[in-house]
Amino acid sequence: MKWPIGIILAAVMMLGAALTFWLYAYWHGTEEADQVHPAAAEQRTKVASQFKSPSHDEALALVKSALELRDAEQVAGLIRPGPMSAEAVVSFLGAMRELDGQITHYDWLSSVDKNGLSLEGVWVTFGPKTAKRGRWAILTPDAKGIWKLDFAAFARWVNPSWKTLLEQDSGSAEVRVSASKDTYFNGPFKDESQWAAYKLVSPDTEAILVGYCRIGSAQFRAMELLWSGGESAKARVVLEIRRPPASEGAGHLQFEISRVLAEGWVMADKPFDERL
């Protein structure tokens with residue numbers, strides 16, 4: 001009788017350990033974990049487009065050419081700069097090696113469509129300085145069908161900077177983060193029947209923010225749609241967040257999500273929460 005009981009107890013202990021490890025990884029996972037295997041978190045629903053998508057070789061060549069640019073006058077031909085000036089784009093590219101390290105690899109991920117946009121993804125790996133990190137190089141066609149690199153997504157553009165937001169207590173910001181569902185309710189967001197909580201992380205800061213949406217709002221519906229496909233516990237998103245007044249007693253890293261601007265990191269013509 002001792003042998004069967006021992007085997008059963010051992011099996012139960014192994015299952016418990018596996019469950020504990022999974023729960024820890026789910027709640028305490030870092031952005032770098034998603035970046036090692038970025039394709040695993042992508043929803044591959046192809047958006048119908050009137051323009052032919054670039055092939056594997058064409059996509060890699062476009063990304064390499066864009067990242068090698070050092071002339072501001074050539075930016076418009078290969079890059080969608082978004083809120084950044086051509087000069088700022090070139091400056092960023094020139095400083096990238098010092099910031100991230102040498103580019104060591106390009107991985108073509110094909111369709112990474114979000115926001116109703118036709119997007120092609122290339123994962124750019126750096127090393128050895130930041131071997132576990134990388135950047136999304138996302139291509140999207142312009143009105144004439146010319147595929148260009150979306151630079152705001154590649155640079156993980158935020159406004160204001162993370163330093164200003166966190167150290168100078170800026171009241172609001174536009175951020176590119178990876179979001180996952182959270183269970184931290186405190187201060188003005190302590191009523192979990194009224195608020196939904198989300199952990200917000202970025203490779204560009206060690207701070208882990210908690211964002212809140214009022215349940216039933218357009219922002220709440222937009223956030224919940226990020227996981228409608230069930231592909232991953234984390235989702236990339238562009239958010240507008242605001243810091244509650246100090247009188248409300250919110251923690252330093254607690255923010256209200258005032259807008260959900262984009263599913264993924266590439267902005268469409270219309271904010272994501274307005275499309276609902």
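Since the model is a prediction, treat every value here as computed from it, not as a measurement.
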### Task
Return each pair, listed once, that meets salt bridge (charged side-chain N to carboxylate O under 4.0 Å, His left out) where at least one residue sits in residues 239-251; pairs must be two or more places apart or across chains.
Asp169-Arg243, Arg242-Glu256
### Message
Other residues, nucleotides and ligands only: do more than 12 of their heavy atoms fall within 6.0 Å of CG on Asp191?
### Response
yes
### Message
Applying side-chain contact (heavy atoms from CB on, under 4.5 Å), can you list everything that pairs with Gln74, at least two apart in sequence or on another chain?
### Response
Leu69, Asp71
### Query
Who passes side-chain contact (heavy atoms from CB on, under 4.5 Å) against Ala197, sequence neighbours left out?
Asp182, Phe185, Val210, Tyr212
### Task
Run the numbers on Lys148 and Asp142 for salt bridge (Lys or Arg N to Asp or Glu O under 4.0 Å), then give the verdict.
CA-CA 7 Å; Lys148 298 180 181 181; Asp142 64 12; 3.5 Å; yes
### Message
To the closest 0.5 Å, what do you measure between CD1 (Ile103) and CZ (Arg135)?
### Response
10.0 Å
### Query
Just how far is it from atom CG of Leu93 to atom CZ of Phe154, taken to the nearest 0.5 Å?
7.0 Å
#### Entry: Rounded distance [0.5 Å steps], CD1 in Ile257 versus CZ in Phe255
11.0 Å
### Message
Applying a strict under-4.5 Å side-chain criterion to I, L, V, M, F, W and Y, I'd like to know whether Phe189 and Tyr198 cluster together.
### Response
no
### Query
So, for Trp147 and Ser53, which heavy atoms are closest and what is the spacing to 0.1 Å?
CZ2-CA, 3.7 Å
### Task
Check Trp162 against Arg176 and note the closest heavy-atom contact, atom names and distance.
CZ2-O, 4.4 Å
### Task
Apply the side-chain contact (heavy atoms from CB on, under 4.5 Å) test between Leu261 and each candidate in Val238, Asn115, Leu239, Asp273; give the one that qualifies.
Val238
### Query
Which distance, rounded to the nearest 0.5 Å, do you find between the CZ of Arg70 and the CD of Glu68?
8.0 Å
### Qualifying salt bridge (charged side-chain N to carboxylate O under 4.0 Å, His left out) pairs, either residue in residues 219-228, two or more places apart
Lys181-Glu224
## Note on the structure
Ala196 and Ile215 have their tightest heavy-atom pair at N-CG1, 3.9 Å
### Message
If I compare all heavy atoms of Gly264 with all of Lys114, which pair ends up nearest, and what's the gap?
### Response
CA-CG, 4.4 Å
### Message
Tell me every residue that passes salt bridge (charged side-chain N to carboxylate O under 4.0 Å, His left out) with Glu192, counting only those two or more places apart in sequence or in another chain.
### Response
none
### Query
Do Leu149 and Leu67 touch side chain to side chain, with heavy atoms closer than 4.5 Å?
yes
### Query
Is the shortest heavy-atom distance from the side chain of Trp136 to the side chain of Arg156 under 4.5 Å?
no
### Query
What heavy-atom pair brings Ala152 and Pro83 nearest, and what distance separates the two atoms?
CB-CD, 4.1 Å
### Task
May I ask you to say whether Glu174 pairs ionically with Arg259, meaning some side-chain N is under 4.0 Å from a carboxylate O?
no
### Query
For Val158 and Leu165, what are the C-alpha separation, side-chain angles and deciding distance, and is it a side chain to side chain contact (heavy atoms under 4.5 Å, CB included)?
CA-CA 10 Å; Val158 298; Leu165 176 65; over 6 Å; no
### Which atom of Pro244 lies closest to which atom of Ala250, heavy atoms considered
CG-CB, 3.8 Å
### Task
Could you tell me which residues satisfy side-chain hydrogen bond (donor to acceptor under 3.5 Å, both in side chains) with Ser247, sequence neighbours excluded, listed by chain and number?
none
### Query
Do we see a donor-acceptor contact under 3.5 Å between the side chains of Ser202 and Thr205?
no
### Task
Let me see the working for Ser111 and Asp113 under side-chain hydrogen bond (donor to acceptor under 3.5 Å, both in side chains), right down to the final yes or no.
CA-CA 6 Å; Ser111 169; Asp113 299 346; 3.2 Å; yes
### Message
Test of understanding: clusters of I, L, V, M, F, W, Y form through side-chain heavy atoms closer than 4.5 Å, transitively. Do Tyr184 and Leu200 belong to the same one?
### Response
no
### Message
Determine whether a donor-acceptor pair (N or O, by modelled atom type, separation under 3.5 Å) exists between the side chain of Ser91 and the backbone of Glu87.
### Response
no
### Task
Check the hydrophobic clustering (I, L, V, M, F, W, Y; side-chain heavy atoms under 4.5 Å; chains of links allowed) and say if Met223 and Leu253 are grouped together.
yes
#### Entry: Six-ring centre of Trp195, Arg214 cation under 6.0 angstrom, axis tolerance 45°
yes
### Distance, nearest 0.5 Å, that separates CG of Leu226 from NZ of Lys234
14.0 Å
### Task
Would you give the length of the straight line joining atom CD of Glu263 to atom CG of Leu117, rounded to the nearest 0.5 angstrom?
10.0 Å
### Task
State, with a plain yes or no, whether a side-chain heavy atom of Leu78 is found less than 4.5 Å away from one of Leu62.
yes
